[in-house]
Undergrad: 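What follows is a single structure, and I will ask about it in a moment.
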Amino acid sequence: MSKTLVVSYTPSFESNTKKLVDAYLQATADTTDIIHLDLVKDPAPLLLEKNLNTLLKRNFMGKELTPAESETLSDIDLLMRQFKEADRIVLAFPMYNFSVPASVKAWIDTIIQNGQTFKIKEEGGYEGLCQGKHALILMTTGGDYAKEPEKSMDFATPLIQTCMGFMGFMGFMGITSHVITAGGLNQYMDSVDEIVSRTQQQVTQYVKNSPLW
Ligand SMILES: Cc1cc2nc3c(=O)[nH]c(=O)nc-3n(C[C@H](O)[C@H](O)[C@H](O)COP(=O)(O)O)c2cc1C
């Protein structure tokens, strides 16, 4: 059976983002092994001085680590193993300040690693090492970013799609990851339930109809 890593950041009570995750879990029940990384309970380590320099020593300078240095990276290595073992990634979060929440970015910073999820080619340039994996992004936003000029203010979608593409994720028509958004949840206060329910149906339809899932 395939393995799916569900990475979620849904800290608010009665989170609407969590409702999208629940729709995904219902739609895939018994069809894939789910591993859930809850970034609220288990935040990814930040790349502060010790973590970053130890990573650079190993991943970019190719040097052996001491046992103590290896221990420094143990949590990051665990996140990497979890990520690499999964065939599919579901990443769910609300938009914060036009982008992804800091906790989601911290997780991304741990899994984009030279020699693990991408490599620097001898002839120059980069190559993603995650070919064959697929990603589904579940996002909620307070505003409505469906059309310009607001669309250009959504930095979360291009950020995630660029990161996934950099690691070699590929879906249909060159789109590196499929994004399903429940948009306008603060803008259209009277229609929240309707928007969330419509988006849940989109999630269900996508999972049931897409040959990638
Ligand atoms: C700290 C913070 C920053 C936010 N920034 C934005 C934003 O830049 N654009 C936007 O459309 N909504 C923004 N929102 C609104 C949330 O994205 C929106 O309410 C979302 O649906 C919340 O999802 P949840 O119910 O899972 O918490 C922000 C909310 C919070 C708490």
Side-chain angles (χ1 to χ4, degrees), residues 4-29 32 34-48 79 82-83 86 88-112 134-166 175-208 210 213:
T4 302
L5 174 63
V6 177
V7 182
S8 68
Y9 180 70
T10 60
S12 72
F13 299 133
E14 314 223 347
S15 162
N16 282 313
T17 314
K18 185 174 177 305
K19 291 175 192 163
L20 302 187
V21 176
D22 291 343
Y24 169 80
L25 293 175
Q26 252 185 21
T28 48
T32 181
I34 303 270
I35 298 123
H36 189 187
L37 171 60
D38 180 347
L39 293 174
V40 180
K41 291 196 188 118
D42 293 309
L46 292 176
L47 299 187
L48 300 180
L79 291 175
Q82 195 181 48
F83 182 78
R88 299 167 188 150
I89 307 293
V90 176
L91 176 58
F93 57 87
M95 175 188 275
Y96 281 0
N97 299 312
F98 308 101
S99 185
V100 301
S103 51
V104 172
K105 183 60 166 53
W107 175 75
I108 290 170
D109 288 348
T110 64
I111 50 130
I112 302 192
H134 300 294
L136 172 63
I137 315 302
L138 306 177
M139 179 165 73
T140 59
T141 64
D144 183 353
Y145 299 87
K147 292 189 222 127
E148 296 292 0
E150 289 80 9
K151 196 166 192 250
S152 300
M153 293 160 67
D154 166 12
F155 294 95
T157 303
L159 172 70
I160 295 293
Q161 289 187 323
T162 301
C163 289
M164 292 300 177
F166 185 66
I175 295 171
T176 65
S177 41
H178 189 76
V179 181
I180 298 180
T181 303
L185 297 182
N186 297 125
Q187 194 171 330
Y188 312 119
M189 296 276 253
D190 295 341
S191 311
V192 171
D193 288 348
E194 192 192 318
I195 296 169
V196 171
S197 153
R198 199 187 324 130
T199 314
Q200 285 179 313
Q201 282 167 32
Q202 278 176 33
V203 173
T204 306
Q205 288 305 315
Y206 180 74
V207 170
K208 295 217 183 292
S210 168
W213 291 77

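For ligands, and for the atoms within them, numbers begin at 1 and follow the listed sequence. Keep in mind that the numbers below use all heavy atoms, side chains included, and drop hydrogens, waters and symmetry copies.
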Undergrad: Below 4.0 angstrom from a heavy atom of Thr17, which ligand 1 atoms are there? Numbered from 1 as shown, please.
TA: 23 (O), 24 (P), 26 (O)
Undergrad: Going through the distances and angles, do Gln161 and Thr157 end up as a side chain to side chain donor-acceptor pair (under 3.5 Å)?
TA: CA-CA 6 Å; Gln161 289 187 323; Thr157 303; over 6 Å; no
Undergrad: Please find the pair of heavy atoms, one from Leu185 and one from Val192, that lie closest to each other, and give the distance.
TA: O-CG2, 3.2 Å
Undergrad: Compare every heavy atom of Thr140 with every heavy atom of Asn16, then report the nearest pair and how far apart it is.
TA: C-CG2, 4.1 Å
Undergrad: Give the atom numbers and elements of ligand 1 that come within less than 4.0 Å of a heavy atom of Leu185.
TA: 21 (O)
Undergrad: Classify the side-chain pair Thr17/Thr10 by whether it contains a donor and acceptor separated by less than 3.5 Å.
TA: no
Undergrad: Below the 3.5 angstrom mark, is there an N/O of Thr140, backbone or side chain, next to an N/O of ligand 1?
TA: yes
Undergrad: Closest non-hydrogen protein atom to atom 5 (N) of ligand 1, residue and atom name please, with distance?
TA: Asn97 N, 2.8 Å
Undergrad: Which residue and atom name correspond to the protein heavy atom nearest atom 17 (O) of ligand 1, and how close is it?
TA: Met95 O, 2.7 Å
Undergrad: What protein heavy atom sits nearest atom 22 (C) of ligand 1, and how far off is it?
TA: Pro94 CB, 3.6 Å
Undergrad: Would you indicate which of Tyr96, Tyr145, Phe13, Phe98 comes nearest to atom 9 (N) of ligand 1 when only heavy atoms are counted?
TA: Tyr145
Undergrad: What class does the angle between the rings of His178 and Tyr206 fall in, given that below 30° is parallel, 30 to 60° is tilted and above 60° is perpendicular?
TA: parallel
Undergrad: Using a strict cut-off of less than 4.0 Å between a Lys/Arg side-chain nitrogen and an Asp/Glu carboxylate oxygen, indicate whether Lys19 and Asp22 qualify as a salt bridge.
TA: no
Undergrad: Can you give me the closest heavy-atom contact between Thr162 and Pro158, atom names plus distance?
TA: OG1-O, 2.7 Å
Undergrad: Numbering the atoms of ligand 1 from 1, which are under 4.0 Å from a heavy atom of Thr141?
TA: 11 (O), 17 (O), 18 (C)
Undergrad: Counting both backbone and side chain atoms, is some N or O of Asn186 under 3.5 Å from an N or O of ligand 1?
TA: yes
Undergrad: Just go through Ser12, Gly184, Gly142, Gly143 and tell me whose heavy atom is the nearest to atom 24 (P) of ligand 1.
TA: Ser12
Undergrad: To which protein heavy atom is atom 25 (O) of ligand 1 closest, and what is the distance rounded to 0.1 Å?
TA: Asn16 N, 2.9 Å
Undergrad: Please confirm whether Thr10 comes within less than 3.5 Å of ligand 1 when only nitrogen or oxygen atoms on both sides are compared.
TA: no
Undergrad: Is the distance between the ring centroids of Tyr9 and Trp107 less than 6.0 Å?
TA: no
